[in-house]
A.B. asks: 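Structure provided below as structure tokens; questions to follow.
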Protein chains: 2
Amino acid sequence: MTQKTSNYITKLRNSKLRPTKQRIKICEALFDRSETFHFTIRDLYNLLTNNLVHKISLATVYNTVHAFKNSGYLKQINIDSNNNYFDTNTSHHHHFFDETNNELIDLKNEDIKKIELKKIIPGKKIKSVEVLVKIEPE
Amino acid sequence: MTQKTSNYITKLRNSKLRPTKQRIKICEALFDRSETFHFTIRDLYNLLTNNLVHKISLATVYNTVHAFKNSGYLKQINIDSNNNYFDTNTSHHHHFFDETNNELIDLKNEDIKKIELKKIIPGKKIKSVEVLVKIEPE
DNA sequence: ACCTAATTTATAATCATTCTAAACTGTAAG
DNA sequence: CTTACAGTTTAGAATGATTATAAATTAGGT
């Protein structure tokens with residue numbers, strides 16, 4: 001077994017999932033990359049079923065992606081109600097979004113000046129601060 | 001005809017919509033308010049059909065809200081894929097979102113220190129910068 | 001190799017949203 | 001004031017994403 005595969009098995013076990021053939025294939029599609037990967041469930045499903053002999057059902061893709069999201073191995077990005085994206089970059093960061101081609105680009109936390117709020121909500125604490133920068137051709 | 005009603009008719013005409021009974025009712029529900037109103041289409045539909053004798057169809061609510069969004073009289077707020085909100089506050093501002101009760105709170109642009117990006121995308125210009133602050137009980 | 005609980009899968013169900021086409025209405029011309 | 005017609009409303013159908021179901025299959029321990 002390769003180092004990569006045993007790494008996937010660890011991720012799966014940490015997500016309370018047994019390492020099955022289908023889930024390993026999903027891990028390969030998601031994590032065997034040099035760049036971060038922004039995708040919709042449909043993107044991932046198409047990628048998996050176009051390239052592989054053994055089909056993986058849509059339900060399994062949904063279940064596995066959501067388990068990884070819940071265990072912190074994937075981040076969900078909220079752009080708008082039409083596009084539900086996930087991100088393999090789980091560090092604290094933000095995004096550019098180009099609506100002309102639905103392209104997402106990471107904006108590293110250090111590439112944005114610290115966000116300072118002058119307003120607080122009594123009885124509430126801040127859970128997260130997300131910035132979305134929409135861009136368009138010049 | 002009241003001042004308010006003629007204001008609604010102006011909004012409708014500017015949105016390329018004829019002022020019909022249904023659309024005036026929708027305007028009253030949306031714009032006859034002292035505070036900004038955050039709502040989903042379903043919220044608005046329930047509000048309209050619970051309180052009024054004459055029913056308004058869901059399709060008309062969708063059509064009218066989207067026309068107002070396109071003409072700039074409403075702003076769409078992207079929280080997550082489950083909740084598609086609209087906002088009667090069309091000024092440049094941001095939001096707090098409390099997931100425990102799905103409550104949205106405005107964060108005025110002057111209540112946040114100017115956001116400065118150290119990264120640019122060649123060939124692209126910035127269209128909008130949206131900040132979403134998720135909060136939770138302390 | 002067996003047992004059992006977890007998993008996969010096709011399919012159905014659900015939910016938000018959009019589409020459709022027939023009935024209705026606002027508007028402007030006569 | 002009436003008419004004509006394009007715009008509007010509406011119920012219901014269609015769509016598309018997501019979730020649920022339940023029967024067949026599989027993983028992991030004994």
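Below, chains carry the letters A, B, ... as their sequence lines are ordered, and counting in each starts from 1.
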A.B. asks: For B:N89, enumerate each residue passing the side-chain contact (heavy atoms from CB on, under 4.5 Å) test, keeping only those at least two apart in sequence or located in another chain.
C.D. replies: B:T36, B:D87, B:S91, B:H93, B:D106
A.B. asks: OP1 or OP2 of D:dT18 less than 4.0 angstrom from a side-chain nitrogen or oxygen of A:Y62, does that happen here?
C.D. replies: yes
A.B. asks: Rounded to the nearest Å, what distance is computed from the CG atom of residue A:L58 to the C1' atom of nucleotide D:dT19?
C.D. replies: 10 Å
A.B. asks: Between B:T40 and B:D43, is the side chain to side chain donor-acceptor pair (under 3.5 Å) condition met? List the steps.
C.D. replies: CA-CA 5 Å; B:T40 65; B:D43 291 338; 3.1 Å; yes
A.B. asks: Rounding to an integer number of Å, can you tell me how far A:L17 CG sits from D:dG28 P?
C.D. replies: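 Between P of D:dG28 and CG of A:L17: 12 Å.
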A.B. asks: Roughly how many Å is it from CZ in A:R23 to P in D:dT26, rounded to a whole number?
C.D. replies: 14 Å
A.B. asks: Take B:K69 and B:H66 through the test side-chain contact (heavy atoms from CB on, under 4.5 Å) and record every step on the way to the result.
C.D. replies: CA-CA 5 Å; B:K69 180 196 71 179; B:H66 281 118; 3.7 Å; yes
A.B. asks: Could you check how far CD1 of B:I26 sits from P of D:dT8, rounded to whole Å?
C.D. replies: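 It is 12 Å, rounded to the nearest whole Å.
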A.B. asks: Counting just side-chain N and O atoms, does A:Q22 come under 4.0 Å of either OP1 or OP2 of D:dT26?
C.D. replies: no
A.B. asks: Angle, rounded to 10°, between the helical axes spanning five pairs at each terminus of the helix from C:dA1-D:dT30 to C:dG30-D:dC1?
C.D. replies: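 The end axes of the helix from C:dA1-D:dT30 to C:dG30-D:dC1 are about 30° apart, to the nearest 10°.
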A.B. asks: Does the side chain of A:E130 reach to within under 4.5 Å of the side chain of B:K134, using non-hydrogen atoms?
C.D. replies: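 Yes, side chains in contact.
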A.B. asks: Under a 3.5 Å threshold, yes or no: a donor from one side chain and an acceptor from the other, between A:T10 and A:N7?
C.D. replies: no
A.B. asks: When you measure from the side chain of B:S71 to the backbone of B:F68, do you find a donor-acceptor pair of N or O atoms at a distance under 3.5 Å?
C.D. replies: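 Present.
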A.B. asks: Output yes when at least one side-chain N/O atom of A:H66 is less than 4.0 Å from OP1 or OP2 of D:dT19, else no.
C.D. replies: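 So the side chain of A:H66 is within the cut-off, an N or O lying under 4.0 Å from OP1 or OP2 of D:dT19.
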A.B. asks: Hydrophobic clusters here meaning ILVMFWY residues chained together by side-chain heavy-atom distances under 4.5 Å, can you tell me if A:L30 and A:L58 are in one?
C.D. replies: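 Linked within one cluster.
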A.B. asks: Could you state the atom-to-atom distance from CD1 of A:I41 to P of D:dT18 in whole Å?
C.D. replies: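 Computing the A:I41:CD1 to D:dT18:P distance gives 6 Å.
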A.B. asks: For DNA chain C, whose closest nucleotide is more 5', that of A:T64 or that of B:T20?
C.D. replies: A:T64
A.B. asks: Any side-chain N or O of A:K21 under 4.0 Å from OP1/OP2 of D:dA27?
C.D. replies: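 Answer yes for this pair, as a side-chain N or O of A:K21 is under 4.0 Å from OP1 or OP2.
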A.B. asks: Can you tell me if the side-chain N/O atoms of A:N84 get under 4.0 Å from OP1 or OP2 in D:dA17?
C.D. replies: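 No, outside the criterion.
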A.B. asks: Should B:S57 be listed as having a side-chain N or O under 4.0 Å from OP1 or OP2 of D:dT9?
C.D. replies: no
A.B. asks: Rounded to the nearest Å, what distance is computed from the CG atom of residue A:N63 to the C1' atom of nucleotide D:dA17?
C.D. replies: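 Computing the A:N63:CG to D:dA17:C1' distance gives 14 Å.
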A.B. asks: Quick check: closest heavy atoms across B:N102 and B:Y85, and the distance to 0.1 Å?
C.D. replies: O-OH, 3.2 Å
A.B. asks: Whole angstrom is fine here: how far is it from CD1 in A:I24 over to P in D:dT26?
C.D. replies: 16 Å
A.B. asks: Using a heavy-atom cut-off of 4.0 Å to chain B, what are the terminal contacting nucleotides of DNA chain C, in 5' to 3' order?
C.D. replies: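 Nucleotide range in contact with chain B: C:dA16 to C:dT27.
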A.B. asks: Output the rounded distance in Å from NZ (B:K16) to P (D:dT8).
C.D. replies: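 So the NZ-P distance, B:K16 to D:dT8, works out to 12 Å.
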A.B. asks: Please name the residue in the list B:T90, B:T88, B:N14 that meets the side-chain hydrogen bond (donor to acceptor under 3.5 Å, both in side chains) test with B:Y73.
C.D. replies: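 Filter result, single survivor: B:N14.
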A.B. asks: With nearest nucleotide decided by heavy atoms, which residue, A:R18 or B:Y45, maps closer to the 5′ end of DNA chain D?
C.D. replies: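 Mapping each residue to its closest nucleotide by heavy atoms, the 5'-most match is B:Y45.
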A.B. asks: A:K55 side chain to A:T49 main-chain N or O, any donor-acceptor pair under 3.5 Å?
C.D. replies: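 Here the side-chain-to-backbone pair exists.
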